[in-house]
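A quick write-up on the structure given underneath.
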Amino acid sequence: MEKNNKYDVVIGLEIHLESKTKSKMFCSCLNDPDERRPNINVCPICMGHPGTLPQINKQAINNIIKLGLALNSKISNYTKFDRKNYFYPDLPKGYQISQFDYPICKEGFLDIKTEKGVKLIRINRLHQEEDAGRLVHSVDGTSMVDFNRAGLALIELVTEPDFSSAEEVINFAKELQLIARYLNVSDANMEKGEMRIEVNLSLKEKGERELGTKVEVKNLNSFKTIEKAILFEIERQTKLLDEGERIVQETRGFNDEKQVTLSQRSKEDSHEYRYFPEPDLPPLEISEERIQELNCEIPELPQEKRLRLEVEYGLKDFKIIEVFIENRDFGEYFEKIATELLNWMQHKKIDQSKYFDLVKLTTNYLTSDLIGLAEGKIIDFSEKITPENFAEFIVLIFMGEINSKIAKVVLKDMYDLKKDPSHIIEDRGLKQIDNEDEVDKIIENVLESNTSAVEDYKNGKVASFQFLIGQIMAKSKGKINPDKAREILSKKLENIQ
Ligand code: ADP
Ligand code: MG
Ligand code: ZN
């Protein structure tokens, strides 16, 4: 995407997040994202009937403050609400209560990962507003409106124009999504419209300081669409500039069918919202104490957690770290196992210096075999295998009491039968044969009944060695440690003349 070397790409985002609250922003109607019946959660306040008065939702304000703090913003002690006036069928009041000049949070930032390292994205502001209703267009040309969503608490976040690629935008959006979920401030599912992203994009000649004319792109309902829309706009604007045309400042929408952005409205007919202070609400004062209290409620956030997983458990594979970051329950399950490992290590007298090795073995079995048993899904594994049993299982493998082949059988039984690994090994007679005499006997036996393979090996056919190992493993039903079998076999072969 940066094959474009003539122009710099400049992108800023406007993101709406549906705040996770019990009731709507200014009335006591339920916020129920699962409500399928239209116009159930409505009342005179959110329908804008004359004479009704809005009331500020405390939970919503706490949510936006927490998000602002997590994004390193300044929280204003004095804020107010403003009316943003426009007419649209999904807006029963004829205006939206929003914030114009005194947003609750301002001047934040978020670090994101890029190809070239960490990049700081400045956040201009986060302000509180309310959502509009939802229009449903049917094929016969009629349209209906559902006001269940009208008046839900909505957080708007505006970044500075600090992005220069689709990748950076997506990394930011994904990190924001994680943070919102960790804070329990929003579920932020793009597909459900709980997180809506508008992309502002312009180009400027390389090295030029002044920003070019921007175009705003809406209707982006997935990360894939965002990427496509950005690539499309870069190409479209590049072509126009190359042809000496000027970019028109406008709002465009991404058309899923045609995979292009299409003009929706230009600057000339852009809205004049005639903002004015909301007369039905007093200014909102936010005390330092309240901010401090909320700050204390902020849990460990993804960025800190990544670092901790690295330091505390020696995790190096960042893909595995991300699995634990994105699936918090799974991450907690892993951490419980890692704690149990310490107990087992002490019990089995395994040296502490081996901890990271055992942890690595754990992450391997968790992210491949265990997820495999759940058909590729990450489920609540603690229901299937207790962390204590899983840790024991790992210790048994580490100590060579079961080999990797048998481990698969044991894990499956643990998963299906909820038994602990030592019982399964006992019941199924799967214990590794480590009695020297017994191992010796099995290998002797194999050598005797495969004299031609032995001869071939002696004559230089290397593959015969592997064949003999196969025979030994089969004869012992996989219960001999393959490394041990190799060691003894090569010794024995050396002694054969
Ligand atoms: P407007 O007043 O047109 O809404 P704002 O200054 O409020 O513009 O910015 C809206 C969004 O557009 C912000 O995310 C901002 O970072 C971004 N933006 C502003 N100017 C540019 C530009 N020249 N190119 C790309 N993005 C821009
Ligand atoms: Mg704006
Ligand atoms: Zn209501």
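Atoms within each ligand, like the ligands themselves, are counted from 1 in listed order. Predicted model, so just to flag it, every value in this text is computed and none were measured.
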Where ligand 1 meets S202 - atom numbers and elements under 4.0 angstrom, heavy-atom basis: 22 (C), 23 (N), 24 (N), 25 (C)

message: Between ligand 1 and N200, is the shortest N or O to N or O distance under 3.5 Å?
response: yes

field: Qualifying salt bridge (charged side-chain N to carboxylate O under 4.0 Å, His left out) pairs, either residue in residues 274-283, two or more places apart
entry: R83-E278, R83-D280

message: The criterion is salt bridge (charged side-chain N to carboxylate O under 4.0 Å, His left out); which residues satisfy it with R36, sequence neighbours excluded?
response: none

field: Test item: side-chain donor near acceptor, R149 and N41, under 3.5 Å
entry: no

- request: Would you mind running through ligand 1 and noting each atom that sits below 4.0 Å from a heavy atom of L211?
  value: 22 (C), 23 (N)

task: Kindly say whether the aromatic ring centers of F334 and Y313 come within a distance under 6.0 Å.
output: yes

- request: Select one of side chain, backbone, both or neither to describe which atoms of E160 lie under 4.0 Å from any atom of ligand 1, heavy atoms only.
  value: backbone

field: is_close_aromatic(Y78, Y102), centroid dist under 6.0 Å
entry: yes

message: Please state which option from R125, E216, E210, K214 has its nearest heavy atom closest to atom 27 (C) of ligand 1.
response: K214

message: Looking only at the side chains, is there a donor atom on one of E168 and T114 sitting less than 3.5 Å from an acceptor on the other?
response: no

- prompt: Side-chain donor-acceptor pair under 3.5 Å between S138 and T142, yes or no?
  reply: yes

message: If I apply the N/O under 3.5 Å rule, does V158 come out as touching ligand 1?
response: no

field: the Zn ion (ligand 3) neighbourhood, protein N/O/S only, threshold under 2.8 Å
entry: C27 SG, C29 SG, C43 SG, C46 SG

- line: Any heavy atom of T213 under 4.0 Å from ligand 1? The part involved is neither

- prompt: Parallel, tilted or perpendicular: which describes the rings of F393 and F390, with under 30° parallel and over 60° perpendicular?
  reply: perpendicular

task: Before signing off on this row, confirm whether P161 and ligand 1 have an N or O atom pair separated by under 3.5 Å.
output: yes

task: Determine the minimum heavy-atom distance between V42 and M47, stating which atoms define it.
output: CG1-CE, 3.8 Å

query: Is L13 in polar range of ligand 1, meaning some N or O pair under 3.5 Å apart?
result: yes

query: Which ligand 1 atoms does G212 reach within 4.0 Å, using its non-hydrogen atoms?
result: 23 (N)

message: Under the criterion side-chain contact (heavy atoms from CB on, under 4.5 Å), I'd like the reasoning laid out for V10 against S202: C-alpha separation, chi angles, the key distance, then a yes or no.
response: CA-CA 5 Å; V10 176; S202 67; 3.6 Å; yes

statement: Those residues at least two apart in sequence (or on a different chain) that pass salt bridge (charged side-chain N to carboxylate O under 4.0 Å, His left out) with D162 are R122

